[in-house]
Trainee: 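The structure is given below, and queries will be raised subsequently.
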Amino acid sequence: KLTANMLNEGTEYKTPAELEEAIGTLGARISVQSGTETMVVTGSCLKKNYPQAIALVEEMLLHPRWDAQSFEVVKERMLDNIRQNAADPSLIGQQLFRKQVFGSESILSYTPDDAKAFYEANISPSVAKVSFVGGLSQQEVVSSLGSLEKNWKAKEVETPQIVSADVRPEAKVYFID
């Protein structure tokens with residue numbers, strides 16, 4: 001999530017405030033979010049502003065800003081979110097489940113270099129999917145992605161393989177007080 005959130009924090013060419021202003025000037029919304037196994041770029045804008053909006057998406061994807069100060073802001077927001085979720089029983093259960101499945105790594109030790117390394121290893125058109133909804137023809141969309149296709153170099157991304165366990169672990173019940 002840190003890497004995805006960093007893509008919202010400006011680009012090599014725009015500070016976070018400048019990126020936010022550029023998006024706002026278009027009357028657009030562009031956001032990068034992530035889940036446990038996915039990262040999603042979402043956006044909306046008027047059709048007349050689409051070329052400029054897709055150019056901003058390309059800039060965000062291909063030229064992220066790995067600024068240490070912005071990274072600390074993003075990390076602190078995530079830590080605040082974790083602290084707020086500590087009072088929600090269903091979120092506590094989800095966090096415990098994730099900890100059991102994926103292990104426990106603290107975001108406290110993450111650095112901008114860690115986010116950049118994750119980006120470089122895992123963000124690639126070779127594992128990307130693109131979908132559009134709205135008033136654009138297929139030809140308009142394909143044409144608008146030409147620059148992104150040309151400039152976003154594909155690389156092999158190693159996807160962890162899920163191995164089926166021959167022996168099921170003993171069932172456990174966790175009580176959290």
Side-chain angles (χ1 to χ4, degrees), residues 1-78 81 91 94 98 101-102 107 110-164:
K1 289 189 180 215
L2 277 168
T3 300
N5 290 340
M6 282 301 295
L7 296 183
N8 294 309
E9 295 296 317
T11 70
E12 287 179 27
Y13 314 115
K14 291 180 178 63
T15 65
E18 290 168 340
L19 179 61
E20 188 176 323
E21 182 180 343
I23 293 169
T25 299
L26 297 174
R29 287 190 315 248
I30 301 171
S31 177
V32 182
Q33 301 144 0
S34 68
T36 306
E37 299 178 19
T38 60
M39 187 176 88
V40 179
V41 180
T42 59
S44 65
C45 67
L46 295 173
K47 183 177 179 179
K48 70 179 183 173
N49 294 334
Y50 173 74
Q52 296 92 338
I54 201 69
L56 288 173
V57 168
E58 180 175 343
E59 187 175 327
M60 291 167 71
L61 283 173
L62 302 186
H63 305 285
R65 180 185 193 93
W66 302 111
D67 177 70
Q69 183 178 355
S70 294
F71 183 82
E72 290 305 318
V73 169
V74 166
K75 189 160 80 168
E76 191 56 40
R77 272 191 231 134
M78 290 185 69
N81 192 31
L91 294 175
Q94 288 176 17
R98 285 189 196 111
V101 173
F102 301 110
I107 68 167
Y110 284 4
T111 67
D113 288 339
D114 294 324
K116 186 176 182 180
F118 181 87
Y119 168 88
E120 290 173 352
N122 295 287
I123 309 303
S124 170
S126 63
V127 292
K129 296 178 182 161
V130 178
S131 59
F132 282 84
V133 176
L136 297 168
S137 70
Q138 180 178 352
Q139 179 56 38
E140 288 172 307
V141 171
V142 170
S143 175
S144 74
L145 296 175
S147 176
L148 184 60
E149 182 180 24
K150 175 184 168 198
N151 295 314
W152 195 11
K153 304 299 180 205
K155 60 188 165 228
E156 190 172 326
V157 174
E158 189 174 317
T159 306
Q161 297 299 315
I162 298 173
V163 179
S164 177

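All values below were derived from every heavy atom in this structure, side-chain atoms included, with hydrogens, water molecules and symmetry-related copies excluded.
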Trainee: Any chance you could measure Thr111, atom OG1, to Leu2, atom CG, to the nearest 0.5 Å?
Mentor: 10.0 Å

Trainee: Which atom pair, heavy atoms only, marks the closest approach of Phe132 to Ile54?
Mentor: CZ-CD1, 4.3 Å

Trainee: May I have all residue pairs that pass salt bridge (charged side-chain N to carboxylate O under 4.0 Å, His left out) and include part of residues 48-61, sequence neighbours excluded?
Mentor: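 Checked against salt bridge (charged side-chain N to carboxylate O under 4.0 Å, His left out) - neighbours excluded - the pairs reaching residues 48-61 are Lys14-Glu59.
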
Trainee: Where is the tightest heavy-atom contact between Lys155 and Ile123, given as atom of each residue plus distance?
Mentor: NZ-O, 3.1 Å

Trainee: Counting only heavy atoms not in Glu76 (residues, nucleotides, ligands), do more than 12 fall under 6.0 Å from its CD?
Mentor: yes

Trainee: Report yes if the side chains of Met60 and Asn8 come closer than 4.5 Å at any heavy-atom pair, otherwise no.
Mentor: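 In contact.
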
Trainee: Would you compute the distance between atom OG of Ser34 and atom NZ of Lys1 and round it to the nearest 0.5 angstrom?
Mentor: 5.5 Å

Trainee: Mind checking whether Leu56 and Ile23 have side chains closer than 4.5 Å, heavy atoms only?
Mentor: yes

Trainee: So which atom in Val157 and which in Ser124 form the shortest heavy-atom distance, rounded to 0.1 Å?
Mentor: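 Scanning both residues completely, I find the closest heavy atoms to be CG2-CB, 3.7 Å.
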
Trainee: Kindly indicate whether the side chain of Asp113, heavy atoms from C-beta on, has any atom under 4.5 Å from the side chain of Trp66.
Mentor: no

Trainee: Scan for salt bridge (charged side-chain N to carboxylate O under 4.0 Å, His left out) pairs involving residues 124-139, sequence neighbours excluded, and state none if there are none.
Mentor: none

Trainee: Step through the shown structure and confirm whether more than 12 heavy atoms of other residues, nucleotides or ligands are within 6.0 Å of CD on Glu21.
Mentor: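 No, because the 6.0 Å sphere around CD of Glu21 holds 12 heavy atoms or fewer from other groups.
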
Trainee: Out of curiosity, Ser126 OG to Lys153 NZ, how far, rounded to the nearest 0.5 Å?
Mentor: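 So the OG of Ser126 and the NZ of Lys153 are separated by 13.5 Å.
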
Trainee: Looking only at the side chains, is there a donor atom on one of Gln139 and Ser137 sitting less than 3.5 Å from an acceptor on the other?
Mentor: no

Trainee: Please lay out, stage by stage, how Val142 and Glu149 fare under the test side-chain contact (heavy atoms from CB on, under 4.5 Å).
Mentor: CA-CA 10 Å; Val142 170; Glu149 182 180 24; over 6 Å; no

Trainee: Tell me, which pairs form a salt bridge (charged side-chain N to carboxylate O under 4.0 Å, His left out) where one or both residues lie in residues 2-12, sequence neighbours left out?
Mentor: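 Applying salt bridge (charged side-chain N to carboxylate O under 4.0 Å, His left out) to every pair that reaches into residues 2-12, excluding sequence neighbours, yields Glu9-Arg77.
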
Trainee: Nearest 0.5 Å please: distance from the CG atom of Asn5 over to the NZ atom of Lys75.
Mentor: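 Spacing of CG (Asn5) from NZ (Lys75) equals 13.0 Å.
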
Trainee: Okay, side chain of Ser144, backbone of Val141: is any donor-acceptor separation there less than 3.5 Å?
Mentor: yes

Trainee: Find the distance between NZ (Lys116) and OG1 (Thr3) and round it off to the nearest 0.5 Å.
Mentor: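 Separation between the atoms: 12.0 Å.
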
Trainee: Hey, which of Leu19, Ile30, Val32 is the one that makes side-chain contact (heavy atoms from CB on, under 4.5 Å) with Leu7?
Mentor: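 For Leu7, the side-chain contact (heavy atoms from CB on, under 4.5 Å) check succeeds only for Val32.
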
Trainee: Once you round to the nearest 0.5 Å, how far does CE of Met39 lie from CZ of Phe118?
Mentor: 8.5 Å

Trainee: Taking the side chain as C-beta and beyond, is there a heavy-atom pair between Pro112 and Met6 under 4.5 Å?
Mentor: no

